[in-house]
**Q** 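So that we are looking at the same thing, I have put the structure below in structure tokens.
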Amino acid sequence: MEKIRTRFPPSPTGYLHIGGARTALFNWLFARQQGGTFVLRIEDTDQARSTEEATQAIIEGLEWLGLDWDEGPFFQSRRTDIYRQFIQDLLDQGKAYFCDCSPELLEKKRESARAQGRKPKYDGTCREKGLGPGPQAVVRLKNPETGTTGFQDLIRGPISFPNEELDDLVLARSDGSPTYHLAVVVDDITMDITHVIRGDDHINNTPRQIQIYQALGRRLPFFAHVPMILGADKTRLSKRHGATSVLAYREMGYLPQALINYLVRLGWAHGDEEIFSKEELIQKFSLSQVGKSAGVFNQEKLLWLNSHYIKESADRDLASLLVPFLREKGFIDPGLDYLARCAGTLKMRSKTLKEMAEAADFYLMEELTFPPEAVKKIFALPESGRILETVSGALAEISEWGENPLEKAFKAVIEQTGIPMKQLAPPLRLALTGKTSSPGLFEVMVALGRERTLKRLQKALDFVKAG
RNA sequence: GGUCCCAUCGUCUAGUGGCCUAGGACGUCGGCCUCUCACGCCGAAAACACGGGUUCGAACCCCGUUGGGACCA
């Protein structure tokens, strides 16, 4: 069997967005699953809007998601000679012709066609004129006027269009530059693309492109059109629905596994399964299981997946991921060992890395500050001083610092003093974290270590005594 | 306007003629667990757009309507 080749062809006019990432993902998964090749192509023919930064941002986004390509990036802007050659071939074979109808004339014809209730399409004026190249002349494809053009969509089944609907589309502008359709088809031909997996906004472009393949006498690739992604109001996903840039999700503290898992499940399912590793996806993904209807992007579910993957992550991995977020908050890296311990206590209660970094602040602050309200409610209680003192004493005597010994020590304190854990905990929590809610006390103490724990208890005791 | 595509809980979806008194997940609500906050666990509310066919039988097949979307202009 022929080797499968897929491609992802973004225009570098902005960042890699959610929708693009998903089509890239589907192409990548399909190629990986079939042992095929995934090609990255940058469609930068629109020189005015394309930028180097956007290209970089797209590449960075793909890399972050782990969607590695086997060939490319190829740049359309460097392939104009190839396009010209294909256009010339079509002209030589009489499959295309020059047309010098002025834009004004065309516009007038469209107007009157519309006024008469006819379709406003090119009427073929220059078709048989045998015109040569000229300063005003565009190149048009000579399309079949009757019959239908159709294809078998791998996701949607058969789709066909009446040829009368399609006029002689422009292949080259008057300056000789190729149009979008021509460039895409020539690229896909010359790059030996076997499967074109793209957004369903291209369904209507497909017959036009098929006609170019046919004029060129080339074999068609398989087409698979994946449904679009919508915002909560069911309109096309855009900035106004919130973050749409893949890299923005990185900055918000999302894990790439979570985004991948979310994106693949939007429009695709494998029974009742929700959680998929990349390896599982490569094994289980199938185009025929991709749904046909557009899907609404749901941040809540993404967030849930993210918290899931955070819980699954190793403490040490989280620690290194956390560093940039902590740096942004002005903390210096306290070392991976300590950070990993902290992360371990936080990962069950954080939905994003950013949230985790925020929750980790008390671990990293040299001096805790106690919120006045909490002081009033907790430290001001008559038994608080005694609790801090007693527990400090008991902890100082622990031989091995760990959750079990700590628990044992607390049991002893509770027995001796008759104060239940419920009352013991608040002043200690406030003393150790400066907060009224935090990870479990034993966990916190283990993460802090003996020295920090005792120091913080002492400081809190001083604070309480100072009143 | 023309052409094309789509239609199961609020959202993502399972479902490919009988297994469906329609399953799972997110979210929501209630409970349990508990040193706080979470995690976790248990439970609840919540959907086959509508109308015709086909069939012994339809969420599933066909037609139409409605609604949404895309492309072209």
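The chains referred to below are lettered A, B, ... by the order of the sequence lines, with proteins before strands, and numbering in each begins at 1.
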**Q** For a side chain to side chain contact (heavy atoms under 4.5 Å, CB included) check, start with the C-alpha distance between A/Q33 and A/L287, then their side-chain angles and the critical distance, and finish with the verdict.
**A** CA-CA 11 Å; A/Q33 175 180 77; A/L287 281 175; over 6 Å; no
**Q** Between A/K354 and A/E328, does at least one N-O distance fall below 4.0 Å, as a salt bridge requires?
**A** no
**Q** Base, sugar-phosphate, or nothing for A/G267, non-hydrogen atoms under 4.0 angstrom?
**A** sugar-phosphate
**Q** Name the closest nucleotide to the A/L266 side chain, picking from B/U36, B/C12, B/C4.
**A** B/C12
**Q** Is any side-chain N or O of A/N204 under 3.5 Å from a base N or O of B/A70, one able to act as donor and the other as acceptor?
**A** yes
**Q** Within 45° of the ring axis of A/W28 and under 6.0 Å from its six-membered ring centre, is that where the NZ or CZ of A/K278 lies?
**A** yes
**Q** Within the 4.0 Å heavy-atom criterion, would you say A/L441 contacts the bases, only the backbone, or no part of the nucleic acid?
**A** base
**Q** Do A/R349 side-chain and B/C37 base share a donor-acceptor contact under 3.5 Å?
**A** yes
**Q** Suppose you measure atom C1' in B/A46 against the same atom in B/C9; what distance do you get, rounded to whole Å?
**A** 5 Å
**Q** Which nucleotide wins on minimum distance to the side chain of A/D201, given the candidates B/U11, B/C6, B/A70?
**A** B/A70
**Q** Aromatic rings A/H225 and A/F151: how do their planes relate, parallel, tilted or perpendicular, breaks at 30° and 60°?
**A** perpendicular
**Q** For A/S438, which contact category applies under a 4.0 Å heavy-atom criterion: base, sugar-phosphate, or nothing?
**A** base
**Q** Syn versus anti for B/C39, judged by chi lying within 90° of 0?
**A** syn
**Q** How many whole angstroms separate atom CZ of A/R156 from atom P of B/C5?
**A** 9 Å
**Q** Touch check for A/G295, heavy atoms < 4.0 angstrom, all strands: base, sugar-phosphate only, or nothing?
**A** sugar-phosphate
**Q** So, for A/F297 and A/H241, is the gap between ring centers shorter than 6.0 Å?
**A** no
**Q** Mind checking the P distance from B/C50 to B/G67? Whole angstroms is fine.
**A** 15 Å
**Q** Looking at every strand, decide which applies to A/K311 at a 4.0 Å heavy-atom threshold: base, sugar-phosphate, or nothing.
**A** sugar-phosphate
**Q** Is any side-chain N or O of A/R429 under 3.5 Å from a base N or O of B/C35, one able to act as donor and the other as acceptor?
**A** yes
**Q** Go through the side-chain N and O atoms of A/Y83 and A/S177 and say whether any donor and acceptor fall under 3.5 Å apart.
**A** no
**Q** Using the P atom as the reference point in each nucleotide, state the distance between B/U13 and B/C56 in Å, no decimals.
**A** 35 Å
**Q** Given side chain to side chain contact (heavy atoms under 4.5 Å, CB included), test A/D167 with A/N143 step by step and report yes or no.
**A** CA-CA 7 Å; A/D167 55 7; A/N143 272 340; 5.8 Å; no
**Q** What is the minimum heavy-atom distance between A/P227 and A/K292, and which atoms define it?
**A** CB-O, 3.8 Å
**Q** Tell me what A/P439 touches on the nucleic acid: a base, only sugar-phosphate, or nothing, going by heavy atoms under 4.0 Å.
**A** base
**Q** Tell me what A/T235 touches on the nucleic acid: a base, only sugar-phosphate, or nothing, going by heavy atoms under 4.0 Å.
**A** nothing
**Q** Within the 4.0 Å limit for protein heavy atoms, which parts of nucleotides 14-29 of chain B are touched? Write it as a string from 5' to 3', B for base, S for sugar-phosphate only, - for none.
**A** SSB------BBBSS--
**Q** Base, sugar-phosphate, or nothing: which does A/F442 touch, judged by heavy atoms less than 4.0 Å apart?
**A** base
